[in-house]
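Have a look at the structure below before the remarks.
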Amino acid sequence: MTKRHIAYIACATALCGALLGTTPASAAHLTHVVHPGESIQKAVDAAQPGDTVLVLAGIYHESVKVATSGITLRGEGRDTVLEPAAPTKKPAKKAARAARAEKSCAEQGNGICVVGAKNKPVQDVTVAALTVKGFSRIGVIAVGADHLTVKGVTAEKNGQWGIAEERSVRSLYRHNIARSNGDAGLFLANSITAEMGATDTGGTLIQGNRLENNRIGVTVRRLRNLTVAGNSVTGNCAGVFVVGDENKPKAGALTVSDNRVEKNNKYCVKTARLAFLQGSGIVLTGAEDTLVTRNLVTGNSGKSPLSGGVVLFKSFVGVTSERNRITDNTLWGNSPADVVNQEDAKTGNVFEANCCRTSKPSGLC
């Protein structure tokens with residue numbers, strides 16, 4: 001090696017060292033550890049994109065809002081528990097007016113809120129390995145999120161939904177447990193309050209979750225381009241709901257596959273939107289171009305208008321379910337039938353290669 005080469009290498013090494021030495025400290029991803037008795041929210045507020053907030057096992061009486069992209073909020077498993085904080089005194093009038101303008105996550109009755117700005121979604125947030133329970137409304141709620149991941153979360157005994165989202169795209173819900181929540185264990189919608197057509201999720205995936213003893217296991221409302229696959233759905237009033245209405249485009253262009261939907265025979269009273277529920281496996285109402293395939297649907301039995309194994313239900317607002325394909329499912333022990341089609345032949349729904357015993361009308365098995 002010549003002296004010229006040696007000098008060149010030495011110079012390059014020195015330059016690299018100088019550049020590394022000037023790298024700002026903020027570029028390093030940090031782990032903020034939260035111990036029992038400390039504030040999770042304080043750690044989340046201090047976190048920067050790429051950081052992890054690690055919440056150690058224990059019970060934390062608080063709600064948490066995540067509004068910074070790229071943050072991971074992770075517990076140590078089911079023993080990291082978030083429960084509602086004790087009620088506080090009413091704020092002074094001035095503070096009360098501010099609170100009404102924008103209620104906090106806790107004031108809305110939620111456990112964890114992942115919230116983006118109106119025209120700027122919060123991106124790449126992960127919520128993992130913890131329990132949220134006992135909140136008056138929702139365990140985990142995402143509004144305006146992109147590439148959200150929720151995994152290994154247990155959401156139980158929350159007043160409305162276990163885990164929910166609206167106005168969000170490209171989400172992943174995997175290996176969560178949602179049980180004994182007041183409405184759906186998992187609830188995904190284009191908008192919770194506004195009436196509008198179905199929106200494209202960009203490929204949201206609901207996979208490998210356990211959904212037990214809720215009103216409905218999974219509700220997908222006014223959404224398209226989404227997959228519900230490989231979930232265990234049992235002991236609810238209804239298993240899986242794909243819901244559209246008179247708005248366009250309809251809900252649909254999605255897949256419900258490889259789920260185990262068994263004995264969803266809990267009784268739930270009627271609401272303003274639906275008749276009473278009991279014994280519903282997979283229900284499509286006001287949906288189009290949906291593929292329901294390779295599901296095991298057994299023992300769902302009831303006398304609701306929506307009871308049965310796989311049910312195509314004529315919407316209460318008169319919207320038909322069209323061009324859906326119900327194929328290669330295994331169904332037995334469902335009542336009033338394994339397959340129930342309340343639509344007429346003109347809607348173009350297809351039933352083929354299903355292993356089942358009974359259908360309404362006959363001839364669909």
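Between the side chains of Q278 and S304, not a single donor N or O lies within less than 3.5 Å of an accepting N or O. For D124 and S69, the side-chain atoms include no donor-acceptor pair closer than 3.5 Å. A side-chain donor-acceptor contact under 3.5 Å links E165 and Y173.
The environment of R357 atom CZ is sparse: at most 12 non-hydrogen atoms of other residues, nucleotides or ligands sit within 6.0 angstrom. Under a cut-off of 6.0 angstrom, the local environment of NZ in K157 is sparse, with at most 12 non-hydrogen atoms contributed by other residues, nucleotides or ligands.
Of all non-hydrogen atoms in S307 and P336, the two that sit nearest each other are O-CD, 3.4 Å. Across V310 and L331, no two heavy atoms sit closer than the pair CG2-CD2, 3.6 Å. When all heavy atoms of E83 and I59 are compared, the closest pair comes out as OE1-CG2, 3.8 Å. A pairwise comparison of heavy atoms in K270 and F276 identifies CB-N, 3.4 Å as the closest pair. Taking every heavy atom of both residues into account, T219 and A184 meet most closely at OG1-CB, 3.7 Å. Of all the heavy atoms in T68 and P49, the pair that sits closest is CG2-CD, 3.9 Å.
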Item to complete: Show your working on side chain to side chain contact (heavy atoms under 4.5 Å, CB included) between V283 and F241 and close with a plain yes or no.
Response: CA-CA 5 Å; V283 178; F241 257 60; 3.7 Å; yes

*Just do the side chain to side chain contact (heavy atoms under 4.5 Å, CB included) check on K65 and V115 with the steps written out, would you?*
CA-CA 7 Å; K65 178 181 177 181; V115 184; 4.2 Å; yes

**Asked** Could you go step by step and tell me if V132 and T154 meet the side chain to side chain contact (heavy atoms under 4.5 Å, CB included) rule?
**Response** CA-CA 6 Å; V132 283; T154 298; over 6 Å; no

Please evaluate residues T126 and L73 with respect to the criterion side chain to side chain contact (heavy atoms under 4.5 Å, CB included), reporting the C-alpha separation (whole Å), side-chain torsions for both, the decisive distance (0.1 Å), and the verdict. CA-CA 6 Å; T126 296; L73 174 60; over 6 Å; no

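Under a 3.5 Å cut-off, the side chain of D338 and the backbone N or O of N334 do form a donor-acceptor pair. Side-chain N or O atoms of D51 include none that pairs as donor or acceptor with a backbone N or O of I71 at under 3.5 Å. With hydrogens and angles ignored, the 3.5 Å screen pairs no side-chain donor or acceptor of E166 with any backbone N or O of L188. Not a single donor-acceptor pair under 3.5 Å links the side chain of N300 to the backbone N or O of S335. Remark: the backbone N or O of A287 is not paired with any side-chain donor or acceptor of K250 at under 3.5 angstrom. When atom types are taken as modelled, the side chain of T358 and the backbone of A337 share no donor-acceptor pair closer than 3.5 angstrom. In this structure a side-chain-to-backbone donor-acceptor pair under 3.5 Å is present from T80 to V55. Under the 3.5 Å distance criterion, the side-chain polar atoms of N181 are matched with a main-chain donor or acceptor of N158. Between the side chain of E322 and the main chain of D289, no donor-acceptor pair closer than 3.5 Å is present. Distance alone, capped at 3.5 Å, is enough to place a donor-acceptor pair between the T131 side chain and the R78 backbone.
Between R325 and E352 a salt bridge is recorded (basic side-chain N to carboxylate O distance below 4.0 Å). Here R224 does not pair with D200 in a salt bridge; the nearest charged N to carboxylate O distance is not below 4.0 Å. Under the 4.0 Å criterion applied to side-chain N and carboxylate O atoms, D328 and R294 are not assigned as salt-bridge partners.
Both V339 and L284 sit in one connected hydrophobic cluster of ILVMFWY residues. Membership requires side-chain heavy atoms under 4.5 Å apart, directly or through other members. I177 and V140 are members of different hydrophobic clusters when ILVMFWY side chains are connected at heavy-atom separations under 4.5 Å. In terms of hydrophobic clustering, with Ile, Leu, Val, Met, Phe, Trp and Tyr side chains grouped at heavy-atom distances under 4.5 Å, L211 and V240 are assigned to a common cluster. Cluster membership check: Y60 shares its hydrophobic cluster with F135, using side-chain heavy-atom separations under 4.5 Å among Ile, Leu, Val, Met, Phe, Trp and Tyr. Connection of I138 to I40 is not established within any shared hydrophobic cluster, with ILVMFWY side chains joined at heavy-atom distances below 4.5 Å, either directly or through further cluster members.
Within the structure, disulfide bond (SG atoms under 2.5 Å apart) pairs that include any residue of residues 152-271 comprise C237-C268 (at least two apart or interchain). Residues in residues 227-239 take part in these side-chain hydrogen bond (donor to acceptor under 3.5 Å, both in side chains) pairs, two or more places apart or across chains: N209-N231, N214-N236, N231-N259, S232-R260, N236-N264.
Taking OG1 from T271 and CG from L277, the interatomic distance works out to 7.5 Å, rounded to the nearest 0.5 Å.
Screening Q342, E343, E288 for a side-chain contact (heavy atoms from CB on, under 4.5 Å) with S321, the sole residue that qualifies is E343. A side chain to side chain donor-acceptor pair (under 3.5 Å) with N349 is found for exactly one of D344, N324, T320, namely N324. Screening I326, V297, V228, T255 against V292 for a side-chain contact (heavy atoms from CB on, under 4.5 Å) leaves a single residue, I326.
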